[in-house]
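Report on the structure given below.
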Amino acid sequence: MGLNDITARIRQAEVAAGRAPGSVTLIAVSKVQPEARVEAVLQQGHRVFGENRVQEAAGRWPPFQARFEGVSLHLIGPLQTNKARQAVEMFDAIHSVDRPKLAQVLARLAQELGRCPELFIQVNTGEEAQKAGVAPGETDALVAECRALDLPVVGLMCIPPVDEEPSLHFALLAKLAARNGLSGLSMGMSDDFERAIAQGATHVRVGSAIFGARDYD
Ligand SMILES: *Cc1c(COP(=O)(O)O)cnc(C)c1O
């Protein structure tokens, strides 16, 4: 476990899948992790990080960004419209666009602020009631709506149900992306990132396998 181990496993999975070395971006998911662990990974030279709450990211990242050049921040958690402005200002990518209303707010902010993060549309591949994401059958329409709003949609994202084989969900996401002409696939976490790479992941979101278990207390 740890950054070097995960990076090596990503390289092996790329080769095994016939993918170009370096074609998969590792997003180190630092949510809830102690500052010292995050700093250690920054010291090792890693620069791409994922957070799932705007507020938490806004508190911790500006001081790190003042000390470490070239940090890229990805929002991987649900986004409320009242936090959208801060998210557009702070993040380089948002992986959780899941409804027309949010797309409309992001488009207005992009106009006003003159910048927009790269966007992934989150798909609820398991159609789980408690999970965020657009239903698979509504994905094409949301992609089209985002494009009509001139938003920089680069791919799709999913979080498979915990009790199902993730590869089936990764394959579904890849199919939905291909038919919409999207090249980005944000899928795969600590337990299944190699399977995601086999199915075409371009971005894997790995937390505990890099930083250790999260302590929510
Ligand atoms: C927390 C989180 C991850 C990372 O989970 P690990 O199992 O710790 O790798 C990835 N994606 C999302 C959306 C998350 O919220």
Side-chain angles (χ1 to χ4, degrees), residues 10 13-14 17 19-20 23-29 48-52 72-81 84 87-88 91-107 110 116-162 164-207:
I10 289 172
E14 286 170 340
R19 310 270 308 275
S23 56
V24 176
T25 299
L26 170 61
I27 301 171
V29 178
V48 185
F49 292 85
E51 291 282 351
N52 74 336
S72 167
L73 289 182
H74 293 239
L75 179 65
I76 60 171
L79 178 58
Q80 297 167 293
T81 50
V88 169
F91 288 96
D92 299 286
I94 296 174
H95 292 239
S96 49
V97 179
D98 62 355
R99 57 200 191 278
K101 172 74 192 167
L102 178 59
Q104 287 154 18
V105 170
L106 291 172
C116 191
E118 292 194 327
L119 302 178
F120 291 80
I121 290 174
Q122 182 174 352
V123 182
N124 186 357
T125 56
E127 306 198 53
E128 297 172 279
Q130 80 286 5
K131 203 165 266 178
V134 66
E138 287 158 23
T139 304
D140 298 359
L142 185 55
V143 172
E145 171 144 18
C146 289
R147 284 181 168 149
L149 290 165
D150 254 338
L151 287 169
V153 182
V154 300
L156 303 181
M157 177 272 224
C158 75
I159 308 170
V162 285
E164 290 181 26
E165 170 50 49
S167 294
L168 302 173
H169 294 270
F170 299 151
L172 170 60
L173 198 72
K175 189 180 101 182
L176 292 171
R179 84 172 182 220
N180 281 284
L182 292 168
S183 56
L185 283 171
S186 169
M187 56 191 198
M189 317 198 330
S190 289
D191 291 334
D192 55 22
F193 67 87
E194 284 138 325
R195 277 174 283 178
I197 291 169
Q199 299 292 335
T202 58
H203 294 69
V204 293
R205 311 178 308 266
V206 180

Open item on the list: A side-chain contact here means heavy atoms from C-beta on lying under 4.5 Å apart; do L149 and Q104 qualify?
Closed with: yes
Open item on the list: Looking only at the side chains, is there a donor atom on one of S186 and H203 sitting less than 3.5 Å from an acceptor on the other?
Closed with: no
Task: Any side-chain heavy-atom pair of I94 and F120 under 4.5 Å - done: no
TODO: Looking only at non-hydrogen atoms, find the nearest pair between F49 and I27 and report the distance.
DONE: C-CG2, 3.6 Å
Open item on the list: For a quick test of reading the model, state the closest non-hydrogen atom pair linking C158 to V123 and the distance between them.
Closed with: CB-O, 3.6 Å
TODO: Drop me the distance from L102's CG to L151's CG, to the nearest 0.5 angstrom.
DONE: 9.0 Å
Task: CG/D92: more than 12 non-hydrogen atoms of other groups inside 6.0 Å - done: yes
Open item on the list: Could you measure the distance from the OG atom of S96 to the CD atom of Q80? Nearest 0.5 Å is fine.
Closed with: 11.0 Å
Open item on the list: Let me confirm one number: the CG-CD1 distance from L173 to I159, rounded to the nearest 0.5 Å.
Closed with: 11.0 Å
- [ ] Answer whether the closest heavy-atom distance between the side chains of P136 and L176 falls below 4.5 Å.
- [x] yes
- [ ] Can you establish whether the number of heavy atoms outside E118 located under 6.0 Å from its atom CD is more than 12?
- [x] no
Open item on the list: Would you compute the distance between atom CG of L73 and atom CG of L75 and round it to the nearest 0.5 angstrom?
Closed with: 9.5 Å
TODO: Mind checking the CG-CD spacing from D192 to Q199? Nearest 0.5 Å is all I need.
DONE: 11.0 Å
Task: Nearest-0.5 Å distance, CD of residue Q122 to CG of residue L79 - done: 11.0 Å
Task: R205 and M157, any side-chain heavy atoms less than 4.5 Å apart - done: yes
Task: V206 and L26, any side-chain heavy atoms less than 4.5 Å apart - done: yes
TODO: Answer yes or no: is there a side-chain heavy-atom contact under 4.5 Å between T25 and T202?
DONE: no
Open item on the list: Tell me the closest heavy-atom pair linking V88 and L106, and the distance in Å.
Closed with: CG2-CD2, 3.6 Å
TODO: Kindly indicate whether the side chain of F193, heavy atoms from C-beta on, has any atom under 4.5 Å from the side chain of I10.
DONE: yes
Task: Sole residue of C116, C146, P117 in side chain to side chain contact (heavy atoms under 4.5 Å, CB included) with P152 - done: C116
Task: For A177 against L185, the heavy-atom pair lying closest together - done: CB-CD2, 3.7 Å
Task: Where R179 and D140 come nearest, the two heavy atoms and their spacing - done: NE-OD2, 3.0 Å
TODO: Output yes when a side-chain donor or acceptor of N124 lies under 3.5 Å from a complementary backbone atom of K131, and no otherwise.
DONE: yes
TODO: Please check if any side-chain donor atom of H169 sits under 3.5 Å from a side-chain acceptor atom of E164, or the reverse.
DONE: yes
Task: Residue pair R19 / I197: nearest heavy atoms and the distance that separates them - done: NH1-O, 3.0 Å
